[in-house]
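Following: one structure in structure tokens, then a few remarks.
Order of appearance sets the numbers: ligands from 1, and atoms from 1 within every ligand.
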Amino acid sequence: MSTENIVIIGASFAGLGAAHYALKHVVPQLPKKGGKNYTVTLINPSKDFYWRIAGPRAAVSKTLMPESKYIFPIAPGFKSYPKGSFNFVQGTATHIDSAARTVSVTTAAGEHTQIPYAALVLATGISTPSPLFTQTTDAAGLSATYDSFQKVLPTAKTIIIGGAGPVGVEVGGEIAEFLNGKPGWFQSKPKNQKAKVIIVSAEKKMLPILRESISKKAEKFLKRIGGEVIYNTKVVAATQEGRDIFGPTKVVLSNGKTLNADIYIDATGGRPQTSFIPAAWLDQRNKINCNTKTLRVDVAGPRVYVVGDAGSYTRGGVIDMANAIPVALTNLKIDLTSQITGRAPTQERHYTADNSESQILPIGPSKGVGAFGGWSLPSFMIKMIKGKDYMSKQMALPTVEGKQWAKEGKWKPQPVAAFTEKVGFSSG
Ligand SMILES: Cc1cc2nc3c(=O)[nH]c(=O)nc-3n(C[C@H](O)[C@H](O)[C@H](O)COP(=O)(O)OP(=O)(O)OC[C@H]3O[C@@H](n4cnc5c(N)ncnc54)[C@H](O)[C@@H]3O)c2cc1C
């Protein structure tokens with residue numbers, strides 16, 4: 001009996017979800033024909049999952065957000081599956097050969113290896129321009145970054161944040177409340193302001209996916225803890241003056257002004273981690289170009305899929321994965337089944353983006369703004385849901401353990417015509 005791999009690159013929100021879904025709902029349902037076993041091989045540079053959602057508070061204080069709330073070992077999350085069905089490779093994928101169907105990997109121990117795939121799921125996500133929100137190599141590296149930041153933060157007087165998306169606003173709120181204290185009931189600014197936190201917004205409002213009145217409310221909460229916002233302006237250059245990774249920086253703005261920051265944080269959005277992926281598979285933003293219905297990477301040949309923020313199909317975020325992962329993995333099952341049986345697939349599962357106004361964000365531990373499904377939510381509710389610990393207690397460990405994927409979920413089969421017309425059927 002030979003063993004074939006369902007290879008998943010990246011073990012964060014998307015990759016963990018894909019691995020659990022494959023182990024629960026794909027591998028057990030594949031036809032027992034052709035004398036093959038299937039194993040799920042998950043590749044990731046770190047052996048630990050980073051609950052990135054807590055990044056804005058984790059960056060600011062290890063007391064307010066201890067590591068135990070945002071770093072979780074991956075292996076124990078998979079111990080319930082049958083022996084031999086799951087394999088974790090601590091390493092970095094460096095190359096994909098779509099003709100030979102192999103992934104080249106440099107392991108954490110420095111060895112080079114090639115892993116063949118019967119099906120491949122790309123889940124390499126995004127890195128952030130600031131090192132505060134990405135686990136580049138391992139948990140120790142991230143912890144050292146936080147130590148460096150937390151050493152200089154308490155004495156910083158001017159903190160500038162480039163970018164007014166949710167990450168910029170959340171980290172701005174955390175820093176402002178950490179340095180200036182809790183907002184008073186009737187105060188419009190802090191009693192003893194020690195530091196100024198300036199958020200630079202490229203648009204006329206913050207928080208692109210939320211309505212303007214919510215952005216205004218966020219600004220009001222920020223002001224109460226020493227935050228301010230500059231609108232319609234971009235950071236055009238940020239030049240660090242010292243050698244430390246966080247320190248005095250000259251920040252040049254598109255309005256012609258130059259500001260001196262004790263710390264500058266670049267929160268201008270994620271960059272797809274796709275440099276090792278064949279260029280022909282990428283779009284102009286370096287995202288992995290996929291069929292936005294099936295999440296197949298059609299140009300990559302048979303049985304290659306993308307899930308998570310690296311994919312061209314999504315505006316990003318964790319909520320969307322509930323829609324995407326079952327689609328990609330169901331189509332993977334359909335395609336593998338077809339390869340095993342030699343019969344062309346007749347149906348496939350389709351993804352529909354949920355682009356509703358859904359986003360919640362704490363503004364420091366005390367306040368928050370947001371909406372869900374188009375309904376604006378009150379501050380106390382955001383504080384309750386996310387403000388306490390950035391949802392670590394309810395959701396971080398269950399993410400590693402794949403609790404969300406216990407059920408396969410209902411879906412409406414779609415005729416496979418769109419796929420066959422576009423690329424032609426290949427059981428490869
Ligand atoms: C500070 C911050 C707060 C956020 N808060 C929220 C929130 O509250 N709600 C929400 O919905 N979204 C939030 N987001 C967005 C959310 O974090 C992303 O949507 C999510 O991380 C995307 O998950 P992913 O698995 O696609 O990719 P990532 O989380 O980026 O993970 C990609 C994984 O792939 C690995 N990888 C990359 N390249 C390789 C390679 N060559 N070989 C092997 N492995 C590789 C990486 O090491 C990583 O483990 C936040 C983002 C940030 C930065």
Side-chain angles (χ1 to χ4, degrees), residues 7-19 41-60 65 70-71 74 88-96 103-108 115 121-139 141-142 161 163 165-172 174 209 265-277 287-288 306-311 313-322 324-325 328 354 358-362 368 370 372 382 385-387 390-392 395-396 399-400:
V7 172
I8 299 169
I9 310 178
S12 182
F13 297 90
L16 289 171
T41 296
L42 184 60
I43 305 166
N44 198 61
S46 173
K47 64 176 183 40
D48 297 304
F49 168 60
Y50 168 42
W51 181 250
R52 189 181 234 177
I53 288 173
R57 190 170 297 159
V60 167
M65 183 60 71
Y70 63 88
I71 293 292
I74 292 167
F88 180 76
V89 177
Q90 190 182 352
T92 303
T94 54
H95 180 70
I96 299 169
V103 178
S104 303
V105 176
T106 303
T107 67
I115 302 174
V121 180
L122 304 166
T124 52
I126 47 149
S127 65
T128 52
S130 167
L132 291 172
F133 313 115
T134 296
Q135 182 184 206
T136 313
T137 47
D138 56 18
L142 186 63
I161 297 164
V167 175
V169 173
E170 281 185 342
V171 75
E174 292 298 332
I209 74 168
I265 298 172
D266 186 337
T268 53
R271 320 290 196 248
Q273 303 191 96
T274 54
S275 58
F276 71 102
I277 292 191
K287 287 196 157 202
I288 300 163
V306 61
V307 283
D309 282 19
Y313 70 92
T314 177
R315 71 178 179 188
V318 174
I319 298 173
D320 185 52
M321 289 176 201
I325 287 170
D354 174 2
S358 292
Q359 190 165 70
I360 58 169
L361 47 145
F372 200 81
I382 313 284
I385 302 171
K386 197 173 173 189
Y390 281 80
M391 301 182 293
S392 161
M395 289 176 69
T399 299
V400 183

* Structure fact -> If you compare Ser12, Gly317, Ala123, Ser127 by their heavy atoms, the one closest to atom 28 (P) of ligand 1 turns out to be Ser12

* **Heavy-atom proximity to atom 20 (C) of ligand 1, best of Trp51, Tyr390, Phe49, Phe13** => Phe13

* Asked: Is the closest heavy atom of Met321 to ligand 1 under 4.0 Å?
  -> yes

* Taking the side chain as C-beta and beyond, is there a heavy-atom pair between Glu170 and Phe133 under 4.5 Å? -> no

* To do: For Lys386 and ligand 1, answer yes if some heavy atom of the residue is under 4.0 Å from a ligand atom, otherwise no.
  => yes

* Is the side chain of Gln135 donor-acceptor paired with the backbone N or O of Asp48 at a distance under 3.5 Å, no angle test? -> yes

* State the atoms of ligand 1, each with its element, that fall below the 4.0 Å cut-off from a heavy-atom position in Gly308. => 26 (O)

* For atom 44 (N) of ligand 1, what's the nearest protein heavy atom and its distance? -> Pro45 CD, 3.2 Å

* **N or O pair under 3.5 Å between Asp309 and ligand 1** => yes

* To do: State, yes or no, whether a side-chain contact exists between Met395 and Trp51 at a heavy-atom distance under 4.5 Å.
  => yes

* To do: Please determine if Ala14 has a nitrogen or oxygen closer than 3.5 Å to a nitrogen or oxygen of ligand 1.
  => yes

* Asked: Do Thr128 and Thr134 meet the criterion of a side-chain donor-acceptor pair at a distance under 3.5 Å?
  -> yes

* To do: Verify, without hydrogens or angle tests, whether Thr94 (side chain) and Ser104 (backbone) share a donor-acceptor contact under 3.5 angstrom.
  => yes

* **Per-atom contacts of ligand 1 with Phe133, taking only distances under 4.0 Å to non-hydrogen atoms** => 1 (C), 53 (C)

* **Distance in Å, Thr314 OG1 paired with Asp354 CG, rounded so as to fall on 0.5 Å steps** => 10.0 Å

* Structure fact -> One should read off an interatomic distance between Ile360 CD1 and Lys386 NZ, to the nearest 0.5 angstrom, of 5.5 Å

* Closest protein heavy atom (residue, atom, distance) for atom 41 (N) of ligand 1 -> Ala93 O, 3.0 Å

* Asked: For atom 17 (O) of ligand 1, which protein heavy atom lies nearest, and how many Å away is it?
  -> Arg52 CD, 3.4 Å

* Does Ser46 reach the side chain of Asp138, with side-chain heavy atoms less than 4.5 Å apart? -> yes

* Got the closest protein heavy atom to atom 11 (O) of ligand 1, with its distance? -> Val318 N, 2.7 Å

* Nearest protein heavy-atom contact for atom 35 (C) of ligand 1: which residue, which atom, what distance? -> Asn44 OD1, 3.3 Å

* Starting from atom 39 (C) of ligand 1, find the nearest protein heavy-atom neighbour and note its residue, name and distance. => Thr124 CG2, 3.7 Å

* Asked: Which bit of Ile53 is near ligand 1, meaning a heavy atom under 4.0 Å away: side chain, backbone, both or neither?
  -> both

* Among all protein heavy atoms, pick out the one at the shortest distance from atom 43 (C) of ligand 1; state its residue, atom name and that distance to 0.1 Å. => Ile9 CG2, 3.5 Å

* Would you verify that at least one protein heavy atom lies under 4.0 Å from atom 14 (N) of ligand 1, or report that none does? => no

* Whether Gly10 lies under 4.0 Å from ligand 1, heavy atom -> yes

* **Gly91 near ligand 1 by a heavy-atom separation under 4.0 Å** => yes

* Can you tell which part of Thr128 has a heavy atom less than 4.0 Å from ligand 1: side chain, backbone, both or neither? -> side chain

* Report yes if some heavy atom in the side chain of Tyr50 is under 4.5 Å from a heavy atom in the side chain of Ile71; otherwise report no. => yes

* Asked: With only distance considered, is Phe276 within less than 3.5 Å of ligand 1 through an N or O on each side?
  -> no

* Please state which protein non-hydrogen atom is closest to atom 52 (C) of ligand 1 and give its distance, to 0.1 Å? -> Val167 CG2, 3.6 Å

* **Any donor-acceptor pair under 3.5 Å from Ser130 side chain to Ile265 backbone** => no

* Taking atom OG1 of Thr106 and atom NE2 of His95, what is their separation to the nearest 0.5 Å? -> 12.0 Å

* Asked: Between CD1 of Ile319 and CZ of Phe372, what distance do you get to the nearest 0.5 Å?
  -> 5.0 Å

* Structure fact -> Under 4.0 Å from one or more heavy atoms of Gly125, ligand 1 contributes atoms 26 (O), 27 (O), 28 (P), 30 (O), 32 (C)

* To do: Taking the side chain as every heavy atom from C-beta outward, state whether Ile96 and Leu122 have any atom pair closer than 4.5 Å.
  => yes

* Using side chain to side chain contact (heavy atoms under 4.5 Å, CB included) as the criterion, point out the one residue from Ile325, Asp309, Ile53, Asp320 that pairs with Phe13. => Ile53

* Asked: Could any protein non-hydrogen atom be found less than 4.0 Å from atom 50 (C) of ligand 1?
  -> no

* Asked: Which of the atoms of ligand 1 are close to Pro56, meaning less than 4.0 Å from one of its heavy atoms?
  -> 1 (C)

* Structure fact -> Rounded to the nearest 0.5 angstrom, the CD1-CD1 distance for Ile43 and Ile115 is 4.0 Å

* **Polar side-chain atom of Tyr313 near backbone of Gly308 as donor-acceptor pair, under 3.5 Å** => yes

* With heavy atoms of Ile43 as the reference, note each atom of ligand 1 found under 4.0 Å away. => 43 (C), 44 (N)

* To do: Heavy-atom contacts with Ile319 under 4.0 Å: which atoms of ligand 1 show up? List them by number with element.
  => 11 (O)

